[in-house]
Each structure stands twice: as structure tokens, then as C-alpha cells.
Amino acid sequence: MAVKEIARNKKAYHDYFIEDTYEAGLVLQGTEIKSLRNGKASFQDAYISFSEGEAWIKGLHIAVYTFGTYNNHDADRDRKLLLHRREIVKLFSKSKLDGYTVIPLRLYLSSGLAKLEIALAKGKNLYDKREASKVRTMKREAEKAMHRY
């Protein structure tokens, strides 16, 4: 099964503790899949919201397809996520708890289908971010020291 990564949310692991991950399909229109195959997507301000028992990704930017015609897609439209009902209910109920949110982690093509990896996450405080950075630095220095000998 060939997997081609299109976009990754680099700040997610810095800003959040990742509790649980899910794979969701995306409902796309016409030229959006062609633009995704060219790697033209961005998570700049993307977030997941729930309305009427459905999950939506808002703020996901899929660039307009260069060779598209008059029926090209809107780059910043809201896109429906394809999840099982029990997953939507679980994510919605957990996201209502204090400090929890649902965030997109990465967008990829799997066997020609666009998939979005989303996560239930809890926000980090500033001191948590500093501690994680400190641990990462110490681990890197230890690896470097072990490599020399």
C-alpha cells in the first residue's frame, strides 16, 4: 500500500499532548484531488469542528489547481470528514472536556484516496513545552556523545 505524505502539522507535537489518533477520509470536489497529488496543501490555521453529528475540517488550504477550468474549487472551503458514527461521538464528547481539542496531524494519499490523520489532544502549558525541549536537547547530546565513542 503506497502512502504519499502531502502535508504535516509540525506544530502539533510542540503545542499539544497527543492522546489518541484517528484516520479520516475527506470529501473532495473535482480538482482538489489533482491539487493534492501535486502536494499543494497547508495546515496553517486548520482545525476540526463538529456540527449536526458530522465532523468538518475548517481552514485547510488546498491550492487552486493550475490547469483547472471555470469549475475550479474554492481553496479554503470547509470539508467534511468521513468517520464512523461512534468515532464522531467519542471525539465530540471528549473535545467538550476542559483542555481537550481535536487537531489535524497530517494529510496523505493512501492507495489514491486522500486521508487525514486527526488526533484528540490536550494543550501544553509553557513550562511543558520548555521541559519537552530540554529533554529533546539532552537526548540529542547523549546520542552525539555515544556516537563519538
Side-chain angles (χ1 to χ4, degrees), residues 1-65 73-147:
M1 182 159 78
V3 175
K4 177 186 175 189
E5 188 169 296
I6 298 164
R8 178 178 289 275
N9 190 350
K10 295 174 185 161
K11 290 184 71 174
Y13 289 95
H14 180 262
D15 293 340
Y16 299 96
F17 292 113
I18 305 301
E19 301 275 327
D20 205 3
T21 61
Y22 298 89
E23 181 182 67
L26 283 166
V27 176
L28 300 174
Q29 292 179 346
T31 56
E32 287 178 324
I33 192 69
K34 292 181 179 189
S35 189
L36 285 178
R37 286 189 182 123
N38 289 336
K40 308 283 185 174
S42 171
F43 281 126
Q44 192 64 30
D45 296 319
Y47 64 97
I48 310 294
S49 69
F50 300 93
S51 65
E52 300 175 13
E54 295 177 337
W56 296 82
I57 183 162
K58 298 182 180 216
L60 173 64
H61 179 82
I62 298 177
V64 175
Y65 185 59
H73 67 275
D74 178 24
D76 294 317
R77 73 178 187 87
D78 300 342
R79 292 165 183 89
K80 185 176 174 181
L81 296 180
L82 302 173
L83 289 163
H84 291 284
R85 176 75 49 210
R86 66 183 176 276
E87 291 175 334
I88 293 173
V89 170
K90 183 178 180 182
L91 286 170
F92 177 70
S93 62
K94 293 256 181 144
S95 70
K96 290 298 174 196
L97 297 175
D98 192 34
Y100 283 94
T101 186
V102 181
I103 57 170
L105 291 180
R106 67 186 185 117
L107 180 63
Y108 58 96
L109 292 174
S110 176
S111 299
L113 300 174
K115 300 289 183 177
L116 181 70
E117 185 177 14
I118 61 175
L120 179 66
K122 186 172 174 87
K124 284 185 181 178
N125 293 320
L126 182 60
Y127 57 84
D128 290 330
K129 293 177 190 178
R130 287 184 189 141
E131 184 64 30
S133 177
K134 201 181 306 180
V135 167
R136 217 175 14 253
T137 303
M138 289 183 350
K139 189 176 181 180
R140 190 179 321 117
E141 288 174 357
E143 292 266 332
K144 207 180 278 187
M146 294 294 291
H147 186 68

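Because only heavy atoms are used, hydrogens play no part in the values below, and waters and symmetry mates are left out as well, while side chains stay in.
Pairing each heavy atom of Ala55 with each of Leu83, the nearest pair is CB-CD1, 4.1 Å. Heavy atoms only, all atoms of each residue included: Phe50 and Ser95 are closest at CE1-OG, 4.0 Å. Taking every heavy atom of both residues into account, Gly25 and Lys115 meet most closely at CA-CD, 4.3 Å. Closest non-hydrogen pair, Arg85 versus Gly53, comes out as NH1-O, 2.6 Å. Here the closest non-hydrogen pair linking Pro104 and Asn9 is O-ND2, 2.8 Å. In terms of heavy atoms, Ile18 sits closest to Ala12 at CD1-O, 4.4 Å.
Between Asp20 and Tyr22, the side chains place a donor N or O and an acceptor N or O closer than 3.5 Å (distance only, hydrogens not considered).
In this structure, Tyr100 OH and Phe17 CZ are separated by 10.5 Å, a value rounded to the nearest 0.5 Å. Here the straight-line distance linking atom CG of Leu36 with atom CG of Leu60 works out to 7.5 Å at 0.5 Å rounding. Here the CD1-CG distance, from Ile118 to Leu91, works out to 5.0 Å after rounding to the nearest 0.5 Å. A distance of 10.5 Å separates NZ of Lys4 from CG of Leu107, quoted to the nearest 0.5 Å. For the atom pair NZ (Lys40) and CD1 (Ile6), the distance works out to 12.5 Å, reported to the nearest 0.5 Å. The structure places CD1 of Ile103 at 9.0 Å from CD1 of Ile48, a figure rounded to the nearest 0.5 Å.
Among residues two or more places apart in sequence or in another chain, the salt bridge (charged side-chain N to carboxylate O under 4.0 Å, His left out) test is passed with Lys80 by Glu54. With sequence neighbours excluded, the residues that form a salt bridge (charged side-chain N to carboxylate O under 4.0 Å, His left out) with Arg8 are Glu5. Partners of Lys34 under the side chain to side chain contact (heavy atoms under 4.5 Å, CB included) rule, at least two apart in sequence or in another chain, are Tyr65.
Of the listed residues (Ile62, Leu28, Val64), just one forms a side chain to side chain contact (heavy atoms under 4.5 Å, CB included) with Ser35, and that residue is Ile62.
Side-chain contact between Leu105 and Tyr13 is present, with heavy atoms from C-beta onward closer than 4.5 Å. The shortest side-chain heavy-atom distance between Lys134 and Glu131 falls under the 4.5 Å cut-off. Counting heavy atoms from C-beta outward, Gln29 and Arg77 have side chains that approach closer than 4.5 Å.
Under the 4.0 Å criterion applied to side-chain N and carboxylate O atoms, Asp15 and Lys124 are not assigned as salt-bridge partners. Between Glu32 and Arg79 there is a salt bridge, since at least one side-chain N of the basic residue sits less than 4.0 Å from a carboxylate O of the acidic one.
A side-chain donor-acceptor contact under 3.5 Å links Thr137 to the backbone of Ser133.
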